[in-house]
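Here's the structure we're looking at; comments come further down.
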Protein chains: 2
Amino acid sequence: MKFTEAQSEFIQLWGNFGSQWGINKTMAQVHALLLTSDEALSTDDIMETLAISRGGANVNLRELMVWNLVYKSAKPGDRKEFFVAEKDMWEVAKRITRERKRREIEPLMHHLNRLKTVDEADPQSLNFVKLVGDIERLVGRMNKTSDTIMKMEENAFFGSIIRLLK
Amino acid sequence: MKFTEAQSEFIQLWGNFGSQWGINKTMAQVHALLLTSDEALSTDDIMETLAISRGGANVNLRELMVWNLVYKSAKPGDRKEFFVAEKDMWEVAKRITRERKRREIEPLMHHLNRLKTVDEADPQSLNFVKLVGDIERLVGRMNKTSDTIMKMEENAFFGSIIRLLK
DNA sequence: TTTTATTTTCAATAATTACTGAAAGTTTTA
DNA sequence: TAAAACTTTCAGTAATTATTGAAAATAAAA
């Protein structure tokens, strides 16, 4: 398979995969394009390669910067902005996890907590309060456990670096 | 807050939360309704409470059964089908994880593996192959990690049961 | 300051995704 | 076997979500 062919398959794949999770398909495709590019790309490069509008390219690039997955990169003598993706996939995973936690887990926990103020007199409330409590504990525990495992993985990562330096 | 009020807020919440991940909003709402119902519900109950059509109720109930989150439950003397949700949230988490792995991770890994057959002559392929390999390792590791989380949580769960028995 | 290059915004539109409702299919009862 | 009760399907439609493209805003150069 030729590189360009493999690259465009990867862009498609990443776009479909992203849109199965709550991530905009085009945003995932821009990300995939930058991940597979050795050079920094301009908005025009991205518009051309992905056949999307200037507006779309701009909005998705800025969103990728909010997620900390893409940075601006100036080229001397060129007024245009160029963009590069963070290539360390471990960093990528950490940043996606962090952003999703912030956007989803935190508001969920907040809402669930509020729901526990349900009137306890209603007999149906008994199971309801238990359910909400179970979900809180489950989500909270998974959140903590994923932090623990991220740290474990990180230590394993740095551990192997340190061994290399010895 | 009254029970019915809290219940409908929960249904909304679960629906919105589900649709942020790739889960159909109505399916998540049907799930939420069944999770918060003490009694088994008929298709008509669900249509009425959520104000959805018979077709929608039917399709989403069957999808919930594919995910193993909802079961049919017969009522003696009634020809209608009634439905109940699995109430053990730990089981719910395991089944959702299992289904998403099957639908998303396995096909992704398969596609990524195929992309590694890219022509190595192209200088851009060097980074491409590294990227694909990194993603494979990362996804594979996260997959294992989620197994680890599940086992840790399961042990924590049984651990607390055992403590109760002592 | 004016011109030019570039980025950003957002109303209109397109694409996608989900839902309805009635007809067809199935199962049960009489 | 026929009628009744209930479930399933799916073409048409509605709702949601994403994209375009041109105008406005901003920044740099002349």
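So you know, we letter chains A, B, ... as the sequences are listed, proteins then strands, and number each from 1.
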Worksheet entry | Interatomic distance, Glu63(A) CD vs dT17(D) P [rounded to whole Å] | 15 Å

Worksheet item: Looking for any heavy atom pair under 4.0 Å, which part of the strands does Ala51(B) touch: base, sugar-phosphate only, or nothing?
Response: sugar-phosphate

Worksheet entry | Value in whole Å for how far the P atom of dA22(C) lies from CE of Met47(B) | 11 Å

Worksheet item: Taking CZ from Phe83(A) and C1' from dT8(C), how many angstroms apart are they, rounded to a whole number?
Response: 11 Å

Practice prompt. Hey, can you tell me if Phe10(A) and Phe128(B) have their rings parallel, tilted or perpendicular (30° and 60° cut-offs)?
Written response: perpendicular

Discussion item. Classify the ring geometry of Trp21(B) against Phe17(B): parallel below 30°, tilted from 30° to 60°, perpendicular beyond 60°.
Written reply: tilted

Worksheet item: Of all heavy-atom pairs between Leu35(A) and Lys87(A), which one has the smallest distance, and what is that distance?
Response: O-CE, 3.2 Å

Discussion item. Expressed as a whole number of angstroms, how long is the span from Lys80(A):NZ to dA28(D):P?
Written reply: 16 Å

Fill in: Which atom of Ala40(B) lies closest to which atom of Lys75(B), heavy atoms considered
O-NZ, 4.2 Å

Item to complete: Give the nucleotide from the list dT9(C), dT20(C), dT7(C) with an atom nearest to the side chain of Arg54(A).
Response: dT7(C)

Worksheet item: Of the nucleotides dC6(D), dT20(D), dT7(C), which one has an atom closest to the side chain of Asp78(B)?
Response: dC6(D)

Discussion item. Can you confirm if the NZ or CZ of Arg141(B) lies within 45° of the ring axis of Trp90(A) and under 6.0 Å from the centre of its six-membered ring?
Written reply: yes

Practice prompt. Kindly check if the number of other-residue, nucleotide or ligand heavy atoms within 6.0 Å of NZ (Lys2(A)) is above 12?
Written response: no

Practice prompt. Please report, rounded to the nearest Å, how far the C1' atom of dT7(D) is from the CG atom of Asn60(B).
Written response: 15 Å

Worksheet entry | Atom-to-atom span, CD1 of Ile52(B) to C1' of dT7(D) - whole angstrom | 15 Å

Discussion item. I want to check one thing: is the phosphate of dT8(C), taken as OP1 and OP2, less than 4.0 Å away from some side-chain N or O of Asn58(A)?
Written reply: yes

Fill in: Closest heavy-atom pair and its distance - Thr36(B), Leu33(B)
OG1-O, 3.1 Å

Worksheet entry | Out of dT8(D), dA29(D), dT7(C), whichever nucleotide has its closest atom nearest the side chain of Arg79(A) | dA29(D)

Worksheet item: For Arg62(B) and dT7(D), is the shortest distance between a side-chain N/O and OP1 or OP2 below 4.0 Å?
Response: no

Worksheet item: Looking at DNA chain D, which of residues 9-25 of chain A put a heavy atom within less than 4.0 Å of it?
Response: Asn24(A)

Practice prompt. Nearest whole angstrom, please: distance from the P of dA18(C) to the CD of Gln29(B).
Written response: 13 Å

Worksheet item: Between atom CD in Glu81(B) and atom C1' in dA5(D), what is the gap in whole Å?
Response: 12 Å

